[in-house]
Amino acid sequence: MSSNKTNQTSTEYPKPFPADTKPPRLNFDFMNGLAQFGALIVIFIIFSIAEWYFMGYTSFASVRNVRSIISQTSVVAVAALGMTIIIIAGGIDLSAGTAIALSATVLAWCLKSDFSAMIAIPAAILTGMLCGALNGILISTLRVVPFIVTLGTMTLYLGIAKMVADETTIRPDKETQIPDWLEIFTSIRTDSLYLGMPSGIWLIILVAALTIILLRFTVFSRYIFALGSNESTARLCGINVPWTKIGLYSLAGLFVGLAGVYQFSRLSTAEPTSGIGLELKIIAAVVIGGGSLNGGRGSVIGTLTGSIIIYLIGNGCTKVGLTNPVQDIALGVIIIAAVTIDQLRQRRIEKS
Amino acid sequence: MSSNKTNQTSTEYPKPFPADTKPPRLNFDFMNGLAQFGALIVIFIIFSIAEWYFMGYTSFASVRNVRSIISQTSVVAVAALGMTIIIIAGGIDLSAGTAIALSATVLAWCLKSDFSAMIAIPAAILTGMLCGALNGILISTLRVVPFIVTLGTMTLYLGIAKMVADETTIRPDKETQIPDWLEIFTSIRTDSLYLGMPSGIWLIILVAALTIILLRFTVFSRYIFALGSNESTARLCGINVPWTKIGLYSLAGLFVGLAGVYQFSRLSTAEPTSGIGLELKIIAAVVIGGGSLNGGRGSVIGTLTGSIIIYLIGNGCTKVGLTNPVQDIALGVIIIAAVTIDQLRQRRIEKS
Amino acid sequence: DSSADNGEKTYRIAVIPKGTTHEFWKSVHYGAEQAAKEHGNVEILWKGPQLENDREGQISVVQNFIGNVDGIVLAPLDSQALVEYVDEAVEYKIPVVIFDSGLDDTSNIVSYVATDNYNGGAMAARRMGELLNGEGDVILLRYNPGSESTEQREEAFLETLKKEFPNVNILSSDQYSGTTPASSLAKATQVLDTYKNEVDGIFAVCEPNAAGTLKALQELELAGDVKFIAFDPNTDLANGLSDGTVHGIVLQDPVAMGYLGVKTLLDHIDGNDIDKRVNTGEYVATPENMKEEEMSNLLAPPQFGGE
Amino acid sequence: MSDTLLTMRNISKRFGATQALKDVHFDVKAGKILALVGENGAGKSTLMKVLSGAHSPDSGAMQLCGKPYSPAGPHEARLAGISMIYQELNLAPDLSVEDNIMLGREDSVAGFLSRSEQYPRVRDALAKLGHPGLKPHTLVRELSIAAQQLVEIARALVFDSKVVVFDEPTSSLTQHDVRHLFKVINQLKEQGLGIIYISHFLEEVREIGDEYAVLRDGESVGSGSLEGTSEEDIVRLMVGRDVNELFPQVPHTPGETVVQISNLSGEKIPRKVELNIRRGEILGISGLVGAGRTELIRCMYGLDPIRTGQVKVNNIDVRPTPANMIERGIGIVSEDRKQEGLAQNCSISDNITFSNLAPYSSFGLLNLNKRYQAVLKWMQKLQVKAHSPEQMLVELSGGNQQKVALARVMHQEADIFLFDEPTRGIDVGTKSEIYRQMGELAAQDKAIVFVSSYLTELLAVCDRIAVMSRGQLLEVRPRADWTEESLMSVAISGEAL
Ligand SMILES: Nc1ncnc2c1ncn2[C@@H]1O[C@H](COP(=O)(O)OP(=O)(O)OP(=O)(O)O)[C@@H](O)[C@H]1O
Ligand SMILES: Nc1ncnc2c1ncn2[C@@H]1O[C@H](COP(=O)(O)OP(=O)(O)OP(=O)(O)O)[C@@H](O)[C@H]1O
Ligand SMILES: O[C@H]1[C@H](O)[C@H](O)OC[C@H]1O
Ligand SMILES: [Mg+2]
Ligand SMILES: [Mg+2]
């Protein structure tokens, strides 16, 4: 990389570029995610060895267990994809948790009211989108920082969910009201699997692929990155900032709605408070995955990896026989460590 | 508020010495807090009228009830004073909630182990300070944004608290281990009052006054504002940024430790998870009080007012017979409305 | 205080559950309203904290009702933390009935209306011991620290097993499921997965806890093989009894609890004699007895707002 | 009085792939003003940051007053007597003027501020700079860029320093303020301080400087006394060749009016502006700080709200919003590239194409390869020094960032260009290139509005020049009818002559 000895001064055009004039074909998303993926593998190996060493057997590094971890991750993973977009755009969404619960509650309410899943699921996803859209609209029109707006809507959506659920748990009838495929959507029972994975996991992979494409190859993505990097510049360049925000928060809301479907599918019941605290897990997933809260940086692969790491730690600690306190401490340390390492890596890249 | 029409700027500029040769002596903290205080009064009046109208009597606007609200507010209020400092400095502390619980747990553990309160309370406050110091050290040395560091320490402190409490609730004996004065520290029973207020409230007023002085008259406060306003400027002006951060987070930690004492006094038990979610309430209090998450802005009076508003809503809704869902919705709306109005006011001031 | 049209006084009674999301409380609410209706001129103000570990939340509800109500019926989510605030209410001349879960200091309260939770836990242990023929490895999934009722069940379960079934081995008894079905599912999955090769039985000490455990058993394909005892019913658990995935449910009578809680308070206000301790009873539903009328009623108790 | 105060020897500094400084030698004498010049990216700011402790050098040594000097950070450097006025403003907007000036060295008693001591010092410093009216308790965020720069300068005056560095202090000052500044600098010099003065204005350098030092591509290529050294000599050292012409003239003929502004008023300024912008013409706008030039073009572009007035483009009334204006062929280069003009954490590619992604998109999908090639072309055209179009903007020197901003409007294929201080911080070679580009744009029948505080360039490049004062647009006249003096006097008096 020490090519640019631009000593030619300005008699001729300087040749500041590397000889190749082809754009870098590396997909940055993959590149960024890769480092986190490496961390994931390391943690995985450590737990595997620890289990084998301390417990004398290995249940951790089994296909079954991997499936189980991934299935536990699904709710957070789906929502974190949407959060990645928001965080790249320099925003944040504290209402994601309660909006997931609201979506799940709407889904359960529809089923309980004997609507078919074909109506209930779109209704849930639409609910998520509307939550996102409202966030976007408030952020754009009130010009209040997203942290506050979504701190407010967080409580708002909680209240609405309680209203829909009449403050209690909604429990549609398993036999008559919940379709089988929805019940086993994230189930890892052998008879629920499809090509070795719950169908819900395949859907996540599909959605993640679409998000990668969206974030790399669309015009909209450039607007998202511009917003996250410098909002005034975005405005100066004629980007319709309010609409872009409304658009991207709605899009993220779509993911939130989908996460609501996953949450419902995991328990086949819905409970209005079930999203409290989830927002911080979701944000942590994005951040462990390399997203920067200053905007402008984040990756899909990283986020998915980050989500898995969070649940991996819980799973691993239990398998190794560690107590809850230790588990919490480990998670805390890993969040900080992951971001620190990513930071160091970034700095090194910038230097080299 | 349309008083300061300082139009001299463009018309009379450049111009020789104007009349003012003395520095302005207005206390901005009071000025800023005043607007929020107005909002508090309005909400108070609305609830008073609503109770009288719907319920046919007034228990809301009674001295007793005001005392009760203030006593409920105490934990959040104390911690929010520290958070104000952090937010002015452009930081944030998501670990405040679990650090409060950790401090309370340490306090309870000491009492339960038959240490006197004279040891237990300093130990609790020290615990809070150490939590803050660790946040500051990590933020300074790792150069990771505070949001992430404290997201990590949030879980870390939770884990440590669980460890101290052995995953359960610590219940020192009321008769033998908890001194009376600590038990009635925030109590509003008639025989616990001191000059019409629980002694804990007087202490808050004292601490708040000290904080106002700190934020207005000390050199340290200039560093805090400078950091929140522009960190690289602070660095280039020779401010020792890492130490300033460690100092201010430790200081805020002192408030957190004190909040732990208040929490213990209110619950007379300590439970390691009792702080979860509190951090968002604390941040909300600062923000409702006019603090800006972009740094550089925040006021003590505003923060105290913001804390009270949060609990006022719960109190008022209960008195007026509103359900939990409605209460949540009201809180959400008020958070957003308060900040929006403050925003508009700010913009008007800047324009005039 | 306000008055009804006929000049008679309308009593406002605050009923404060430990939380609102469990189905259990819906039935308590139903019972409370029954008592109010029966008495006449009574308005029930139903309000609880968000989650069953939100001490500060419940304290606030109690404090906020002071001044507005003629009596409080409270299920304290912490036996010590609420003492001070019950005293506060009493100082303000508001009578307080405690129900469902105990309070450390009962000197100021009107009455305590609840299940004998210790006995409930012991019944669960006996049922487990029988199912395992006195031998096997079991898991106790705890609820939440500080909740007196469930702590009683947990202690009773462990002590009874130890005393009456010494050959039953406890694999794990230090895991807390948390207060929601979601947290219970996560915790139950982890614990069961860890011990899935050894476990013979599991006891979940309340409804959300059991709901999560049932789902976890199904997911891990252990349902039916592992003897599962729940505490408090819901439809899935009741169905589980018939399809062999649940082997026993300890039942309380939430409707009676709500009813007697309010009734006792009203009796006190009206100056009638009352008992300091009212036991609302505990039962074990099994696949064998679940069709009996009493059991089937308790397995699906009426709920407030239900049909 | 001419003992060597500061010596820097063999200073090297590398940023990743960029060797910013290579074995640089540098001496500053007491009581002398040393002009440090060089092209954009030559390493001037980096060298000064090494001096002020903001960067640590990879190798090399420094001596201050004969003693070894190696500051661990800005604090030590300040204590050692180095004051620095940075090129990119370094102020805390939420602090007052007074607090900013005193930041890091407050007068205090036991940790408490003693404002009564600070206040007069601050006021004196501002008065020295010719701005006694600037109130010390005003929040800095409420000041214009120019006023902020004055605050930054005042900071260096309130403390005892040995060496004061001015890194392009005049880039946003008007002549009026420059005069005051020079007076102050000369006072400092008489007190025996060493002054380092960085500027791209060579006539300014000649006027104020005693000696010069030239950096090229991170190396010292020459130094000496300014006396007897011609401007051409310095330019040759800077760019490594002769620059034939600083103000290349590209023939163009003014055509019909494309933008008509009538009765345009903003929230405060501008006030009731009437202006016609014509094709094939470069229209200059001159005025003092705070005159409202920036506001005028921001209002017409839709960045600031307007209270009254109309903007007609090609005879069609257009509601001013950036999107509308871009659609009508208007492009803007902001005066504040750091805060507004550019997205610092985005790549050069992104920054150049943000305002016009259409050529590379179909159905919302981007052809990244096509875009890369186009960006490469623009970078070469404007001689942007960078190693790849994917490089982040933060890593470029100030001047190169400015070029990216220019590249954006050109890439946008705008018809009407609004340039707000477009040559701020740009080296002579590139400046001349920008003037040529402007001329060429005019020759292609484009319309150009050129806001500048640098009268020489306005008088050399523009066809007509307008003067603003106190929010009003006073006079528009052909270039030939203006002189520096008449421009200044209209701007100051606020009345048309
Ligand atoms: N923080 C940094 N990271 C990477 N590269 C940098 C950094 N700072 C400066 N550079 C590079 O070092 C070189 C010298 O930059 P410097 O800012 O010193 O130039 P300059 O002479 O001040 O230019 P100008 O006249 O445009 O201000 C440039 O190529 C620039 O891109
Ligand atoms: N020295 C000063 N003291 C107080 N206010 C000032 C000062 N300088 C500028 N201002 C404020 O800044 C505002 C406009 O400044 P701005 O920089 O936008 O104008 P401008 O004409 O574009 O000048 P320039 O582009 O040369 O900086 C004015 O309304 C004025 O209130
Ligand atoms: O006290 C318990 C209650 O009896 C019911 O079982 O729900 C869980 C606990 O709150
Ligand atoms: Mg420079
Ligand atoms: Mg300007």
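Letters A, B, ... are given to chains in the order of the sequence lines, protein chains preceding strands, and every chain is numbered from 1. Please read these numbers as outputs of a predicted model, since none were measured by experiment. Reckoned from all heavy atoms, side chains included, excluding hydrogens, waters and symmetry mates.
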For [X], does the [atom1] atom sit with more than 12 other heavy atoms under 6.0 Å from it, leaving out its own atoms?
X	atom1	result
C:Asp243	CG	yes
A:Tyr53	OH	no
C:Tyr176	OH	yes
A:Phe44	CZ	yes
A:Trp109	CH2	no

Quick check: do [X] and [Y] have side-chain heavy atoms less than 4.5 Å from each other?
X	Y	value
C:Lys187	A:Asn324	yes
C:Gln190	A:Gln327	yes
A:Ser187	C:Gln218	no
C:Leu220	A:Arg189	no

Residues C:Lys26 and A:Glu167 bridged, charged N to O under 4.0 Å
no

Can you name the closest pair of heavy atoms from [X] and [Y] and give their distance?
X	Y	value
A:Gln72	C:Thr189	NE2-CG2, 4.0 Å
C:Lys215	A:Ser265	NZ-O, 3.8 Å
C:Glu207	A:Arg171	OE2-NH2, 2.9 Å
A:Thr169	C:Thr21	OG1-O, 2.7 Å
A:Thr273	C:Thr180	OG1-CG2, 4.4 Å

Where on [X] is there a heavy atom nearer than 4.5 Å to chain A: the side chain, the backbone, both, or neither?
X	result
C:Leu214	neither
C:Thr179	neither
C:Asp193	both

Check the side chains of A:Thr190 and C:Glu221 for a donor-acceptor pair under 3.5 angstrom, ignoring hydrogens and angles.
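There is such a pair between these side chains.
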
Side chain of A:Glu271, backbone of C:Pro181: donor and acceptor closer than 3.5 Å?
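No; zero donor-acceptor contacts below 3.5 Å.
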
Checking [X] against chain C: side chain, backbone, both or neither under 4.5 Å from a heavy atom?
X	answer
A:Ile184	neither
A:Ser192	neither
A:Arg266	both
A:Asp173	neither
A:Thr186	backbone

In Å and rounded to the nearest 0.5 Å, what is the OG1 to OH distance from A:Thr318 to C:Tyr195?
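Here the interatomic distance stands at 9.5 Å.
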
Applying side-chain hydrogen bond (donor to acceptor under 3.5 Å, both in side chains) to C:Gln50 and A:Lys162, what does each step give before you reach the verdict?
CA-CA 10 Å; C:Gln50 198 128 281; A:Lys162 282 185 185 168; 2.7 Å; yes

